[in-house]
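A note on names: the letters A, B, ... follow the listed sequences, proteins ahead of strands, and every chain is numbered from 1.
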Number of protein chains: 2
Amino acid sequence: MNAPPLTKNQALVFDVLEKAEGPLSAYTILDKLRDHGFRAPLQVYRALEKLLEYGVVHRLESINSFVACAHPGENCHSHGIVAFAICESCGQVMEFHDHEVDHRLMDWTRGKKFKAEKTTIEIRGLCEACAA
Amino acid sequence: MNAPPLTKNQALVFDVLEKAEGPLSAYTILDKLRDHGFRAPLQVYRALEKLLEYGVVHRLESINSFVACAHPGENCHSHGIVAFAICESCGQVMEFHDHEVDHRLMDWTRGKKFKAEKTTIEIRGLCEACAA
DNA sequence: ATCAATTGCGTTATGCTATAACGTGTGCGA
DNA sequence: TCGCACACGTTATAGCATAACGCAATTGAT
Ligand SMILES: [Zn+2]
Ligand SMILES: [Zn+2]
Ligand SMILES: [Zn+2]
Ligand SMILES: [Zn+2]
């Protein structure tokens, strides 16, 4: 899915996520956009739904938050499985891809005849700075 | 963490999860235990907290649910990273371990000096039966 | 035996996350 | 012009998780 031009609300939500240091919850995004006329969670969730579909935003399942893709301009969906390392102290998120991991997981699913649709890999812990 | 004898509430919650076909949400567990005196979510969450700590229950982050470990009697924490394949149609969950995946992720974290505490791998899709 | 610390438990209240359902307006092709 | 798709706004509701209080039983020193 390539990203078509964003609508006003989509652009506002994306902008907040891009400027943020780390992942944000939908309600945090809502609060940051109240000055721009946002009043209800659905305005955020609807924008996020599209941004996720376009692959420019990722959802972090383990912390119920959203983060802008680390590959601006590219289509992240084409990179294979996305993995995240999330620092539980400072909130910083590192996004990476490992094709060997993809292959191992795909081998497993093929062996089980499991049709994978969406794979989540999230490592929570402490980044180098916070672990010191 | 080895599992000490379970308390009454812990045993009730674990029993519900063991007998279940698939993962259950905390509130579903609560409903199933109302006849046994459960009245409030905290009774479930407190039991789950311990069961997770003992490694006899796993939390599925992507669907906010809990499932009994597929390795009764063993200490699942010692198997390395746990991965799950979750059928979005029938709810069935397959738990597996892949040391090669573990190593790849550990290599990455070592390279970034990231101190991993807890890793989530969840594949959502369709099981063989449901994909047919 | 006594005291203090720990742990489990019950209850009430609250907060956070996500979606259902309804209606409006706009643009665009048949 | 009609019909449809889509974005948007609003209200209400559903679903997930924890804070804060108090009580009782257990344990393990002193
Ligand atoms: Zn990305
Ligand atoms: Zn950090
Ligand atoms: Zn297990
Ligand atoms: Zn299935």
Side-chain angles (χ1 to χ4, degrees), chain A residues 1-17 20 22-54 56-67 86 88 91 118 120 122 124, chain B residues 1-17 20 22-54 56-67 86 88 91 118 120 122 124:
Chain A
M1 176 73 61
N2 226 2
L6 301 182
T7 68
K8 183 162 172 292
N9 284 4
Q10 289 161 19
L12 285 167
V13 169
F14 183 62
D15 200 51
V16 166
L17 282 174
L24 301 177
S25 78
Y27 278 73
T28 302
I29 296 170
L30 173 59
D31 285 338
K32 287 181 182 293
L33 288 176
R34 290 202 187 274
D35 292 345
H36 291 78
F38 275 47
R39 317 281 328 200
L42 256 192
Q43 297 175 277
V44 177
Y45 282 108
R46 287 206 272 233
L48 285 172
E49 184 179 18
K50 289 298 181 183
L51 296 171
L52 291 168
E53 187 182 321
Y54 303 154
V56 298
V57 162
H58 298 293
R59 176 191 175 91
L60 301 177
E61 309 276 5
S62 64
I63 56 173
N64 295 319
S65 294
F66 304 85
V67 68
I86 306 166
E88 307 206 273
K118 176 84 174 71
T120 297
E122 295 176 17
R124 293 182 301 299
Chain B
M1 174 73 61
N2 226 1
L6 300 183
T7 68
K8 183 163 173 292
N9 284 4
Q10 288 161 19
L12 285 167
V13 169
F14 183 61
D15 200 52
V16 166
L17 282 174
L24 301 177
S25 78
Y27 277 72
T28 302
I29 297 170
L30 173 59
D31 286 338
K32 288 181 182 293
L33 288 176
R34 290 203 187 274
D35 293 344
H36 294 267
F38 274 49
R39 318 285 328 218
L42 254 192
Q43 295 175 277
V44 176
Y45 281 108
R46 288 204 272 231
L48 286 172
E49 184 179 19
K50 289 298 182 182
L51 295 171
L52 291 169
E53 185 181 323
Y54 303 153
V56 298
V57 162
H58 299 292
R59 176 191 174 91
L60 301 176
E61 308 277 4
S62 64
I63 56 173
N64 295 320
S65 295
F66 304 85
V67 68
I86 306 165
E88 307 206 273
K118 176 85 176 67
T120 297
E122 296 176 17
R124 293 182 300 300

For Leu51(B) and Phe66(B): C-alpha separation, side-chain torsions, deciding distance, then whether side-chain contact (heavy atoms from CB on, under 4.5 Å) applies. CA-CA 10 Å; Leu51(B) 295 171; Phe66(B) 304 85; over 6 Å; no

Take Glu61(A) and Lys118(A) through the salt bridge (charged side-chain N to carboxylate O under 4.0 Å, His left out) test and state the conclusion after the steps. CA-CA 12 Å; Glu61(A) 309 276 5; Lys118(A) 176 84 174 71; 5.2 Å; no

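The distance between atom CD1 of Ile63(A) and atom P of dA17(D), rounded to the nearest whole Å, is 14 Å. When the P atom of dC8(D) is taken as reference, atom CG of Asn9(A) falls 4 Å away, rounded to whole Å. Rounded to an integer number of Å, the gap from CG of Leu30(B) to P of dA17(D) is 13 Å. One can place CZ of Arg46(B) at 14 Å from P of dA20(D), the figure rounded to the nearest angstrom. Nucleotide dC8(D) holds its P atom 12 Å from the CD atom of Glu49(A), rounded to whole Å. Atom CG of Leu33(A) and atom P of dC8(D) are 12 Å apart (whole Å). At whole-Å resolution of the value, CG in Leu42(B) and P in dC21(D) are 14 Å apart. Between the NZ atom of Lys50(A) and the P atom of dA5(D) there is a distance of 13 Å, given to the nearest Å.
Extent of DNA chain C lying under 4.0 Å from chain A heavy atoms, first and last nucleotide in 5' to 3' order, is dT17(C) to dA21(C).
The closest side-chain donor-acceptor pair between Arg59(B) and Thr120(B), if any, does not fall under 3.5 angstrom.
For dC6(D), the OP1/OP2 oxygens have no side-chain nitrogen or oxygen of Thr7(A) closer than 4.0 Å. At the phosphate of dA17(D), neither OP1 nor OP2 sits under 4.0 Å from any side-chain N or O atom of Asn64(A). Phosphate proximity of dG9(D) to Gln43(A): present, with a side-chain N or O under 4.0 Å from OP1 or OP2.
If you take CG on Asn9(B) and CG on Leu33(B), they are separated by 8.5 Å, rounding to the nearest 0.5 Å. In this structure, CZ on Phe38(A) lies 5.0 Å from CG on Leu12(A), to the nearest 0.5 angstrom.
Between the side chain of Tyr27(B) and the base of dA17(D) there is at least one donor-acceptor pair of N/O atoms closer than 3.5 Å.
A salt bridge is defined here as a Lys NZ or Arg NE, NH1 or NH2 lying under 4.0 Å from an Asp or Glu carboxylate O, and Lys50(A) with Glu53(A) meets this definition.
Place Arg59(B) and Pro41(A) on DNA chain D by their nearest nucleotides, and Pro41(A) ends up nearer the 5' end. Toward the 5' end of DNA chain C, the nearer of the two residues Phe66(A) and Phe38(B), judged by each one's closest nucleotide, is Phe38(B).
Leu17(B) is not listed as a side-chain neighbour of Val56(B), based on a closest heavy-atom distance of 4.5 Å or more.
Note on Arg39(B): only backbone sugar-phosphate atoms sit closer than 4.0 angstrom, heavy atoms only; bases stay farther off.
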